[in-house]
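Working notes, beginning with the structure itself.
In what follows, residues are counted from 1 in the order of the sequence shown. Ligands are counted one by one from 1 in listed order, and the atoms in each one are counted from 1 as well.
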Amino acid sequence: MARLVIVSNRVPDVADSGPRAGGLAVGLADALVPGSLWFGWSGQRVAQRSDEIHTATEDGITYATIDLAEDDYRSYYLGFSNATLWPLFHMMPSLVSFDNAGYNAYRDVNEQFARTLATLIAPDDLIWIHDYQLLGLAEALRQLGVGNRIGFFLHIPFPAPALFDLLPPAEELLHGLLAHDVVGFQTEQDRGHFLGAMYQRGISLQGNDAWHEGRRLHSMVTPIGVDVDAFNRLAVRAVRRVEARRVVESLAGRALMISADRLDYTKGLPARFDAYGRFLSRFPEQLRRISFLQVAAPSREEVDQYKALRDELDYKAGAINGEYSDFDWVPLRYMTRAAGRGVLAGMFRISRIGLVTPLRDGMNLVAMEYIAAQDPLNPGVLILSRFAGAATLLPEALLVNPYDVDQMAEAINTAMLMTLEERQERHVALLERIRTHDATAYCRSFVAVLSQAEG
Ligand code: ADQ
């Protein structure tokens with residue numbers, strides 16, 4: 001079997017003995033068999049660009065990393081990746097900022113990745129590149145003469161063609177993608193947008209394949225998933241721990257509603273807080289019966305929009321608690337720090353409602369983890385944004401429009417009133433769906449298609 005080489009912007013820190021948090025490491029666990037290589041940025045910043053490669057091995061997997069120059073970190077990572085591509089691909093053009101220096105650094109870093117990676121690969125390796133930070137890597141590898149089979153998976157949405165077109169280097173980026181053999185997307189909508197953008201640029205299409213200069217690029221939909229049993233075990237263990245018992249005690253019989261996200265404007269927190277405020281004002285009979293816990297892990301704090309978001313949420317959280325708190329009841333618990341995976345799993349299991357309302361999301365693993373964590377005898381209710389990729393797989397959740405504050409308030413009330421029987425019925429169906437679309441299915445289907453590519 002060919003060796004699998006995973007490439008992503010960040011590589012998990014092997015020295016960090018904690019659990020591998022975050023979507024990618026968990027989603028790829030099945031593909032990372034002994035012998036595999038994972039290549040990317042170490043997370044370290046250095047003064048000057050350097051091609052020095054650091055390697056470490058754990059469980060037979062080699063982790064090879066390079067450091068990023070401080071300037072590249074600002075222009076490639078915070079700049080073009082996260083201030084241009086991230087908001088644009090989430091279809092929020094008003095938040096996009098673009099400058100040529102950022103794009104040039106993006107190209108340079110993609111070339112640096114190619115140059116360093118090329119020294120590590122053998123002719124038969126399957127190369128699987130991940131996400132929007134590395135749209136130009138395959139093309140840079142081809143320019144170095146790398147003839148391997150190369151696949152790409154986009155974890156975030158692909159924007160509607162008219163929005164993609166707003167990007168000054170739209171044409172170049174799209175051409176860069178043609179250097180792959182396979183590109184994978186989370187949903188049919190993402191693939192449709194991608195093929196639409198290709199079509200508008202005059203690239204010839206045949207079904208789900210694009211043809212360019214005699215090369216075929218195959219596009220596929222393969223949604224990422226979670227390891228359902230592992231997350232469930234984590235949740236079962238966590239509820240026995242003292243932290244979970246303390247939370248249950250502090251609830252004094254009230255229902256817990258939970259949200260957990262990176263603190264990111266795509267995750268829809270301000271409208272979610274408004275919806276909770278609306279719920280408390282429209283359904284006063286529910287006052288004191290619910291406690292909402294928002295766990296928000298700080299993220300990309302050096303990008304301006306993220307600072308503004310934090311201020312807005314501080315204000316909204318204060319307003320809700322100021323208006324509705326009682327001497328012995330705080331309606332909203334708002335934490336701006338990451339929680340351990342185990343703690344989060346336990347909180348999901350003891351909660352009555354999981355509220356997942358991104359304005360736009362590639363997939364959203366929190367929604368799937370919430371389902372995996374439930375007790376089938378007494379499951380909680382998942383309220384899910386229609387604009388998360390996960391909504392296409394999870395129709396038995398209470399689907400909402402994350403811009404519609406009243407609809408979200410009503411969904412919270414519906415979840416509070418839902419009978420045990422209906423909760424169980426929905427849960428059985430949802431559990432089945434996340435088992436079908438789990439992490440193993442994700443990896444295997446992508447790798448199977450990439451292995452069969454002509455190269
Ligand atoms: P993210 O935008 O990071 O991922 P998500 O899919 O929800 O979003 O994954 C986040 C991971 O981090 C989950 O495993 C979750 O448990 C964890 N997490 C979230 N908030 C946390 C908190 N406050 N404390 C601790 N852990 C927390 C991107 C795309 C998604 C896509 C994934 C994987 O934006 O749409 O689903 O990649 O493809």
> Would K307 and E302 pass as an ion pair if we require N to O under 4.0 Å?
Replying inline: no
>> Please list, in number order, the atoms of ligand 1 under 4.0 Å from a heavy atom of V295.
In response: 23 (N)
>> Taking distance alone, with N or O pairs closer than 3.5 Å, would you say F153 contacts ligand 1?
In response: no
> Under the side-chain hydrogen bond (donor to acceptor under 3.5 Å, both in side chains) criterion, do Y103 and E172 qualify, and how do the steps go?
Replying inline: CA-CA 11 Å; Y103 180 56; E172 241 173 89; 2.9 Å; yes
> Can you check whether L365 has an N/O within less than 3.5 Å of an N/O in ligand 1?
Replying inline: yes
> What class does the angle between the rings of Y306 and Y265 fall in, given that below 30° is parallel, 30 to 60° is tilted and above 60° is perpendicular?
Replying inline: tilted
> Is the shortest side-chain N to carboxylate O distance from D125 to R3 below 4.0 Å?
Replying inline: yes
>> Polar contacts were defined as any N/O atom of the residue lying under 3.5 Å from an N/O atom of the ligand; does this apply to A339 and ligand 1?
In response: yes
> Quick one: which ligand 1 atoms are inside 4.0 Å of a heavy atom on R262?
Replying inline: 1 (P), 2 (O), 3 (O), 20 (N)
> Ring centroid separation for Y106 and Y77, is it under 6.0 angstrom?
Replying inline: no
> Counting from 1, what ligand 1 atoms have a heavy atom of R341 closer than 4.0 Å?
Replying inline: 14 (O), 16 (O)
> Which of the atoms in ligand 1, numbered in the order shown and given with their element, are less than 4.0 Å from a heavy-atom of G362?
Replying inline: 35 (O)
>> Using a 4.0 Å cut-off to any heavy atom of L344, which atoms of ligand 1 qualify?
In response: 16 (O), 25 (C), 26 (N), 27 (C)
>> Is the distance from the ring center of F273 to that of Y334 below 6.0 Å?
In response: yes
> What do you reckon, does Q186 put a non-hydrogen atom under 4.0 Å from ligand 1?
Replying inline: yes
> Looking at K267, which atoms of ligand 1 are within less than 4.0 Å of one of its heavy atoms?
Replying inline: 1 (P), 2 (O), 8 (O)
> Do the two ring centres, one from F292 and one from W329, sit under 6.0 Å apart?
Replying inline: no
>> Taking the basic N atoms (NZ, or NE/NH1/NH2) and the acidic carboxylate oxygens, is any pair closer than 4.0 Å for K267 and D361?
In response: yes
> What atoms in ligand 1 come closer than 4.0 Å to a heavy atom of D261?
Replying inline: 20 (N), 23 (N)
>> Heavy-atom distances under 4.0 Å decide this one: backbone, side chain, both or neither, for W86 against ligand 1?
In response: side chain
> Which atoms of ligand 1 have any heavy atom of D361 under 4.0 Å away?
Replying inline: 29 (C), 30 (C), 34 (O), 35 (O)
> With a 4.0 Å cut-off, would you call R435 and D438 a salt bridge?
Replying inline: no
